[in-house]
Structure formats: structure tokens, C-alpha cells
Number of protein chains: 2
Amino acid sequence: MKTTRNTAAKTAVLEIFGKSKTALSHTEIQKELNDLCDRVTTYRILDRLVNDDIVHKIVNLDGTVKYAKCHHHAQRVHIHNHAHFSCEKCLEVTCLENVKPSYILPHNYKVNDINFTLSGLCPKCFNSNI
Amino acid sequence: MKTTRNTAAKTAVLEIFGKSKTALSHTEIQKELNDLCDRVTTYRILDRLVNDDIVHKIVNLDGTVKYAKCHHHAQRVHIHNHAHFSCEKCLEVTCLENVKPSYILPHNYKVNDINFTLSGLCPKCFNSNI
DNA sequence: AATATTAACGCAACAATGTTGCAATTGATT
DNA sequence: AATCAATTGCAACATTGTTGCGTTAATATT
Ligand SMILES: [Mn+2]
Ligand SMILES: [Mn+2]
Ligand SMILES: [Zn+2]
Ligand SMILES: [Zn+2]
């Protein structure tokens, strides 16, 4: 089995996730890292974290990709079945860990992962919009 | 008001959508068009079709973007509230027009659009996988 | 049918994002 | 300390999408 190592860059990335209340893009993380490592390395760290189920990937309607740290204990087969909210105004993406969609699927579909992203105005922007 | 025109390229794109059972990427459409027009034009046509609610955009977990023709009559405020299925094996993306997620959102969120994409194995690949 | 208006187009150039190969480095294990 | 391979940096490349601008052509007007 391929063992995964703790490097300075990976530790720094995890620290950034720890401090952030919102999901982060590769670019945002790279900036926050202050070029502690090459951007390719950051991509590879994110890939590893996703594979190890420490972080999950969120794809927005506008195509941007963000990452957020999981708040659960990884299980055998992991499905991120909670919703995400993407604010069209402040562009922040947040996990709605308590919002889980229910749906009825036709037979013979095997679901491995879901992406449920709502976009619109977050409470902060909604209120300042009145 | 900006009027929208019917051009040869736009007509060809719509014909391609008419024939396709699955959602199509810009690249797939461009190939199918056999370079009838420049790729930039195809991007602009797709943008227009999305704006006019004739086509809707689907963003996959892997980041790929696809488009599908709407099967509804455009309303005032349009939310694509049906699910999409993205097969990890054949890579096809299909509209599940009858699958609509239900969910309960905290107060003060204003939803303008949703993206509910399930990924896994489609019935075709699921069966050929046994 | 000719003309006017401007949406749509082609082309070239650019930008953002992500990927790959490979030699050098470094974390973890013995 | 020596070993092994996971991780990194760098350069190069690929893909996807955007922008500016002069030209073309769809549609409305005369
Ligand atoms: Mn989340
Ligand atoms: Mn659809
Ligand atoms: Zn907001
Ligand atoms: Zn399939």
C-alpha cells in the first residue's frame, strides 16, 4: 500500500483549511501559502487530500472548483451527500452540512458520488441587499 | 431589447441537440459541426442559448461542462431543478427530468439555480459490469 | 428591391486552470 | 546512518474559455 507522508506543504494546506470557514480554490490556497511550494505541488496535495477523504471537491455552476475540509469520520465508501451554497455576489462557497437532498432514482443506477450545489444569495448578501 | 438572430451555425447546433440523447460538451459539438464555424462562435452560440433558456449547462464533478436542450417551456424565473447523471465509465451525461431533489434550507438563503449531479454507473454500464 | 442597422462572425491573441515527465529532494522505516 | 519511495520543483504542454476588433450577414426599414 502506498503510504502518505506529512510534508511541510501539506501541513500548511491543512492549517489553511482549518482556519477557513468557506471552501477554497486552488488559487486562493496558493496565495495563502505565499508560494511556500510550487503550484503543481498544491494541485498534487489537494488531489491526495481528496483521495484520502480529508477534503472534498466542490464544482460550481460557473465552473470554478473549490475544496473544503470534511467534518466527518471517513467511512468505507464515502459519499458527500450534503449541499453546498455558492453565493453569486460574494462568491463564497460554504458547506451546508445539515442540508441533505432526498430523491428517488430509477432502477439500475449506481451512485458513487453526488454534487448538490445551490447558488444564489447567502444570508449575509441577502440581508445587505434589501 | 437585443434581438437574437437565426444563423446557420446556431441552426446546426440546435439540430445537433435535437439528435442527441445525452448532454454535449463544447468540444463534442464543435466536432459534430465539422468546423462549420469557429470554436469561439460555438462558445458564443452556447452562451446565447443558455441565456435564452433553450439550453442548460451542466457542470460535472470532474469539472467538465456539458449542455442539454431544455424540455420545458421557459418560465419567467427558470430553475433547472432536475437531476443529472454522469456515468464514470462511458462518461455520458443525461438529464433525469423526473428526478427532483427535495431539501430544507435554513432561512435567508435565496436560491436562483441548483446543480444536482449524481455520478456513478448508468444502467447500460451497470449491467455490463456484472 | 435596395438600404440601414447591428447581431453575429472569424481570427488572433491572451488568460486561467490543470496535467505530465523527470531529476532532485526528503519523510519515514529499518 | 542507510535505504526506499513518496513528494517536490521545474519546464513544458494541453485544454478550456475569453476578449478586441474589423468584417459579414440577418433582419427591419424604406
Ligand atoms: Mn461540503
Ligand atoms: Mn437537464
Ligand atoms: Zn454572499
Ligand atoms: Zn455509462
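Labels below follow one simple rule: chain letters A, B, ... track the order of the sequence lines, proteins then strands, and each chain is numbered from 1. Predicted model only: the values in this text are computed from it and were never measured.
Classified by interplanar angle (parallel below 30°, tilted 30° to 60°, perpendicular above 60°), the ring pair A:H26/A:Y43 is parallel.
Between the CG atom of B:D62 and the C1' atom of C:dT17 there is a distance of 14 Å, rounded to whole Å. The NZ-P distance, from B:K10 to C:dG10, rounds to 15 Å in whole Å. Atom C1' of nucleotide C:dG18 and atom NZ of A:K57 are separated by 9 Å, given to the nearest angstrom.
Residue A:V65 places its side chain closer to C:dG18 than to any other of C:dT19, C:dG18, D:dG17.
In this structure, A:K124 NZ and B:N108 CG are separated by 13.5 Å, a value rounded to the nearest 0.5 Å. Considering CG of B:L91 and OG of B:S119, their distance stands at 11.0 Å, rounded to 0.5 Å. Note: A:E32 CD to A:T27 OG1 = 12.5 Å, rounded to the nearest 0.5 Å. In this structure, B:T11 OG1 and B:I16 CD1 are separated by 11.0 Å, a value rounded to the nearest 0.5 Å.
Using a distance-only test at 3.5 Å, with no hydrogens or angles considered, a donor-acceptor pair links the side chain of B:D38 to the main chain of B:V40. Judged by distance alone, with hydrogens and angles left aside, the side-chain atoms of A:E92 form no donor-acceptor pair with the main-chain N or O of A:F85 at under 3.5 Å. Checked by atom type and distance alone, the side chain of B:D62 pairs as donor or acceptor with a backbone atom of B:T64 at under 3.5 Å.
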Treat primed atoms plus P, OP1 and OP2 as sugar-phosphate and everything else as base, then score nucleotides 23-30 of chain D 5' to 3': B for base contact with protein heavy atoms under 4.0 Å, S for sugar-phosphate contact only, - for none. --BBS---
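Across all their heavy atoms, A:K10 and A:I45 have their closest contact at N-CD1, 3.6 Å.
Contacts between residues 27-45 of chain A and DNA chain D, counted as heavy-atom distances below 4.0 Å, involve A:L36, A:C37, A:D38, A:V40, A:T41, A:R44, A:I45.
Each end of the helix from C:dA1-D:dT30 to C:dT30-D:dA1 gets its own rotation axis from five pairs of C1' atoms, and the angle between them is 40° to the nearest 10 degrees.
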